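Below is one structure, written out as structure tokens; comments come after it.
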Amino acid sequence: DTLSHGFRGFAIQTNCNSQIEVNAKKVSLKPKATWWIFTGMGAHWSRMGASLLIHSGFLRTIKKCENILVKEVSSMKQDCLTDILRTSDLRVYQQNMVSATLGLVAIQLGLVELLRNAEVNMDFCVGHSVGEIAAAFASNAIDLRQAILVAYHRGKSFLDSEMPKG
């Protein structure tokens with residue numbers, strides 16, 4: 001229990017013959033606010049989130065999102081999100097804004113559910129870009145259905161627009 005320890009510190013030894021430099025400071029025992037911070041595009045990579053699929057709470061959230069997408073978006077197929085998370089094909093995240101947006105948001109939604117199930121409660125949250133979708137979900141401003149559909153339509157609007165490359 002780190003809350004009962006009034007000091008934090010670290011030690012540095014540059015080599016086995018040198019003297020150890022110890023730095024410590026007294027800290028407040030008052031609990032700090034817990035922030036959940038959700039990233040935007042650019043922080044993703046192929047197979048990101050794949051290892052989280054072994055956790056039932058995460059997988060359950062991904063499957064719920066897939067069911068919503070299959071029911072409400074005619075082009076979506078079952079396992080569409082698990083396929084995005086498991087693929088090592090870099091083009092999924094680099095060339096398809098729908099897949100990139102859905103993959104990143106789905107991971108964040110799944111992580112929210114994992115943290116909630118572990119009774120890790122947030123005091124505040126913030127999101128950047130598509131991370132705002134997960135932040136809205138985490139703060140109960142929108143539900144899971146709304147979150148995954150906003151992610152889909154955000155990615156689709158970028159895909160359908162005629163924006164200059166770059």
Side-chain angles (χ1 to χ4, degrees), residues 2-3 28 30-166:
T2 59
L3 290 180
S28 170
K30 182 180 171 187
K32 305 285 191 271
T34 300
W35 282 80
W36 290 1
I37 301 172
F38 300 95
T39 187
M41 302 301 285
H44 48 281
W45 61 88
S46 63
R47 297 195 42 77
M48 184 171 102
S51 62
L52 291 169
L53 292 168
I54 65 167
H55 300 282
S56 60
F58 184 86
L59 180 60
R60 188 171 37 255
T61 302
I62 298 302
K63 289 299 180 185
K64 284 180 186 177
C65 289
E66 285 177 340
N67 290 336
I68 293 164
L69 289 168
V70 167
K71 180 180 177 186
E72 301 203 27
V73 180
S74 62
S75 62
M76 289 290 132
K77 305 295 181 226
Q78 201 60 47
D79 297 326
C80 55
L81 293 177
T82 50
D83 288 347
I84 291 170
L85 299 185
R86 286 184 173 135
T87 188
S88 57
D89 185 352
L90 297 174
R91 291 173 296 179
V92 168
Y93 280 106
Q94 295 173 344
Q95 296 176 7
N96 187 325
M97 281 299 289
V98 174
S99 295
T101 305
L102 282 174
L104 187 56
V105 172
I107 289 167
Q108 293 178 357
L109 299 176
L111 286 171
V112 167
E113 289 302 314
L114 272 182
L115 290 168
R116 286 177 175 167
N117 290 341
E119 298 180 9
V120 176
N121 300 310
M122 67 162 190
D123 296 303
F124 305 99
C125 69
V126 64
H128 170 70
S129 182
V130 298
E132 295 169 2
I133 300 167
F137 173 70
S139 62
N140 295 314
I142 61 176
D143 63 22
L144 188 69
R145 178 185 165 277
Q146 292 167 323
I148 201 64
L149 289 175
V150 166
Y152 169 77
H153 288 292
R154 184 184 189 281
K156 184 84 166 92
S157 67
F158 274 97
L159 194 65
D160 293 345
S161 68
E162 294 187 24
M163 296 179 68
K165 302 287 184 207

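By convention here, the first residue in the shown sequence is residue 1. Given the structure is predicted, the values throughout are model-derived calculations rather than measurements.
- Between N96 atom CG and I84 atom CD1 the span is 7.5 Å, to the nearest 0.5 Å.
- Side-chain contact between L69 and L149: present, with at least one pair of heavy atoms (C-beta onward) separated by less than 4.5 Å.
- When side chains are defined from C-beta on, T61 does not count as touching L111, because their heavy atoms never get closer than 4.5 Å.
- With values rounded to the nearest 0.5 angstrom, H128 atom NE2 is found 13.0 Å from I37 atom CD1.
- With a 4.5 Å cut-off on side-chain heavy atoms, R154 and V105 do not count as touching.
- Rounding to the nearest 0.5 angstrom, the gap separating the CZ atom in F58 from the CG atom in L53 is 5.5 Å.
- By the 4.5 Å heavy-atom criterion applied to side chains, E72 and Y152 are not counted as neighbours.
- To the nearest 0.5 Å, atom NZ of residue K63 and atom CD of residue Q78 are 6.0 Å apart.
- Atom CD of Q108 is separated from atom CD1 of I133 by 8.5 Å, given to the nearest 0.5 angstrom.
- Although no hydrogens or angles enter the test, the distance criterion places no donor-acceptor pair under 3.5 Å between the side chain of Q146 and the main chain of A141.
- Note that SG of C65 and CD1 of I107 are 11.5 Å apart. Values are rounded to the nearest 0.5 Å.
- In this structure, the side chain of S139 engages the main chain of A136 through a donor-acceptor pair within 3.5 Å.
- Contacts classified as salt bridge (Lys or Arg N to Asp or Glu O under 4.0 Å) and involving residues 99-114 (residues at least two apart or in different chains) are given here: E113-R116.
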